[in-house]
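Notes follow the structure.
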Amino acid sequence: MPELPEVETIVRGLRDPLLGKRVVGARLRRKTLYRRGSLPLRRLIARTVVSVDRVGKNAVLRFEPTAVLLINLGMTGQLELWEAGAQSMGNPKHFHARVRFAGGTELRYFDARRFGHFYVAEACDLEQDLNIGPDPFIATPTHLRRVLYGRTAPIKSLLLDQRVLSGIGNIYADETLFLARIDPRTDGGEVLPNARRVLSSARTILNRAIDHGGSTLRDYRKHDGSKGGFQVHHAVYGREGEGCIRCGRAIHKIMLGGRGTHFCPRCQK
DNA sequence: AGCTTCGCCTGCTTGC
DNA sequence: TGCAAGCAGGCGAAGC
C-alpha cells in the first residue's frame, strides 16, 4: 500500500530522470482513473517537467507552461520509469497510462485494483483541492491538538483520516501508535497530552521506512521495479500472534473502523 | 458535524 | 482438485 514513505521513495527516484523533460505523448486509457474535474492527460503534451514532489500520499508533477499532474496510487498503483530499449517490469494486463518524454523515457502506470486516481489541471491549490491536512513532517503539535480536540473516534481511525494528518495509512498508523505506546482504541480527544509524542513517533517511523525504501507487502514497487525493505522491520503490522519486540507478549489483531489493527495490549495503553 | 459502513476492484488465501 | 467465499485496504459517498 503506497503510503507516505512509498510515495516519497518513488518521487525521489523519478525526480532527476524527469526534471527538464518535455512531454511528447500522454494517454490514460481507463477513464474511471480520472479524478472528478480532471483535464485529459494529453493536455500535458508539449509541456516540460519543472518539479516532482510528494504531497501526502500523492505524487505531484508541475509543468511549464503551467500545468499540474497529481497521481494517487491507491492500493496497488505502480509508477514505472521506462527507458527506450528496456524491458517493462509491470504486468501488461494492468497497464493503464503512459506519459512519453522527448528522448524516449516513459512514465508508465500499472494498477491491478484500479483504486488510483489521476488529476490534471492548469493550476490547483493542492491542500484545498485535495482536502488534506499537513503531513507529519510539516504538522506541529498545536495543529494535532486542534484537530483531535473533542474527537471521540479511535485515534487509529483519526490517523488514517487524511484531513487530520496526510500520508499515514494502515501500516504506519499501527507502527506509529506502537512506538508512541498508545492503544489504537483510545479516543482521539484523550490523546491531546501526548500529541507531541504521536507526532515524533510518526516522524521516526516514516523516516526509518523512507531509509529502507518503503514497505513491500505484495504490490508496491519502486520506480525501477525493485522492492522496499521496511516490511521486515514492522513491530506490529502483520505480526498477529507473534511476540512483541518489547515485552514478548503476543501481538493482537482487531478490527477498528473496518481496518485490521495490530497492537501490543501490554505496551500500548 | 462527526462517526461508521459501504462500494469500488482484483488476486491471493481459506474452507468445504 | 476445484470452486466459492473471505479478506486486503485508500478513499469518497452515503447513512445514521
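Reckoned from all heavy atoms, side chains included, excluding hydrogens, waters and symmetry mates. Below, chain A is the first sequence line, B the second, and so on; all start at residue 1.
- Heavy-atom contacts from other residues, nucleotides or ligands closer than 6.0 Å to CZ of A:Arg163 number 12 or fewer.
- Here C:dG12 presents its P atom at 8 Å from CG of A:Leu130, a figure rounded to the nearest Å.
- Within 4.0 Å of A:Tyr237, counting heavy atoms only, lie sugar-phosphate atoms of the nucleic acid but no base atom.
- The nearest whole Å value for the distance from the CG atom in A:Leu217 to the P atom in B:dT13 is 13 Å.
- Checking the phosphate oxygens (OP1, OP2) of C:dC11, a side-chain nitrogen or oxygen of A:Asn72 falls inside 4.0 Å.
- Salt bridge annotation for A:Asp53-A:Arg15: present, with a cationic side-chain nitrogen under 4.0 angstrom from a carboxylate oxygen.
- The nucleotide whose nearest atom lies closest to any side-chain atom of A:Arg151 is, among B:dT4, C:dG9, B:dG2, B:dG2.
- Residue A:His94 places at least one side-chain N or O closer than 4.0 Å to OP1 or OP2 of B:dG11.
- Cation-pi geometry between A:Arg246 and A:Phe178 is met: the NZ or CZ atom falls under 6.0 Å from the ring centre, inside 45° of the normal.
- Residue A:Arg113 places a side-chain atom within donor-acceptor reach of the base of C:dA8, judged by atom type and a 3.5 Å distance cut-off alone.
- Nearest to the side chain of A:Arg218, among B:dT4, B:dC12, B:dT10, sits B:dC12.
- In this structure, A:Lys253 does not reach the C:dC7 phosphate: none of its side-chain N or O atoms is under 4.0 Å from OP1 or OP2.
- Residue contacts for A:Thr152: at a heavy-atom cut-off of 4.0 Å it reaches the sugar-phosphate backbone alone, with no base atom in range.
- In this structure, A:Arg185 places its CZ atom 14 Å from P of B:dT4, rounding to the nearest Å.
- Listed nucleotides C:dA8, C:dG9, B:dG11 differ in distance to A:Met255; the shortest reach to its side chain belongs to C:dA8.
- A distance below 6.0 Å separates the ring centres of A:Phe95 and A:Phe110.
- Atom pair A:Ile254:CD1 and C:dC7:P shows a separation of 16 Å (rounding to whole Å applied).
- Between A:Gly258 and A:Arg35, the residue anchored closer to the 5' end of DNA chain C is A:Gly258, taking for each the nucleotide with the nearest heavy atom.
- For the pair A:Asn170 CG and C:dC7 C1', the computed distance is 13 Å after rounding to whole Å.
- Within 4.0 Å of A:Gly260, counting heavy atoms only, lie sugar-phosphate atoms of the nucleic acid but no base atom.
- Listed nucleotides: C:dA13, C:dA8, B:dG2. Nearest to the side chain of A:Arg36: C:dA13.
- Among the protein residues, A:Arg114 comes within range of the sugar-phosphate backbone only, with heavy atoms under 4.0 Å from sugar or phosphate atoms but none that close to a base.
- Salt bridge A:Arg221/A:Glu80: absent, no basic N to carboxylate O contact under 4.0 Å.
- Proximity note for A:Leu160 (side chain, C-beta onward) versus C:dG10, B:dC3, C:dG9: the nearest is C:dG10.
- At C:dC11, none of the side-chain N or O atoms of A:Tyr119 fall inside 4.0 Å of OP1 or OP2 (strictly under the cut-off).
- At whole-Å resolution of the value, CG in A:Asn58 and C1' in C:dG12 are 14 Å apart.
- When each of A:Ala112 and A:Pro154 is assigned the nucleotide of DNA chain B bearing its nearest heavy atom, the one mapping closer to the 5' terminus is A:Pro154.
- Electrostatic pairing of A:Asp111 and A:Arg30 does not count as a salt bridge here, judged by no charged N lying under 4.0 Å from a carboxylate O.
- At whole-Å resolution of the value, CD1 in A:Ile155 and P in B:dT4 are 13 Å apart.
- A:Phe115 does not qualify as a stacking partner of the C:dC11 base, lacking a centre-to-centre distance under 5.5 Å together with planes within 30°.
- Side-chain nitrogen and oxygen atoms of A:Lys57 include at least one within less than 4.0 Å of the OP1 or OP2 phosphate oxygen of C:dC11.
- Spacing between atom OH of A:Tyr172 and atom P of C:dG9 amounts to 13 Å, rounded to whole angstrom units.
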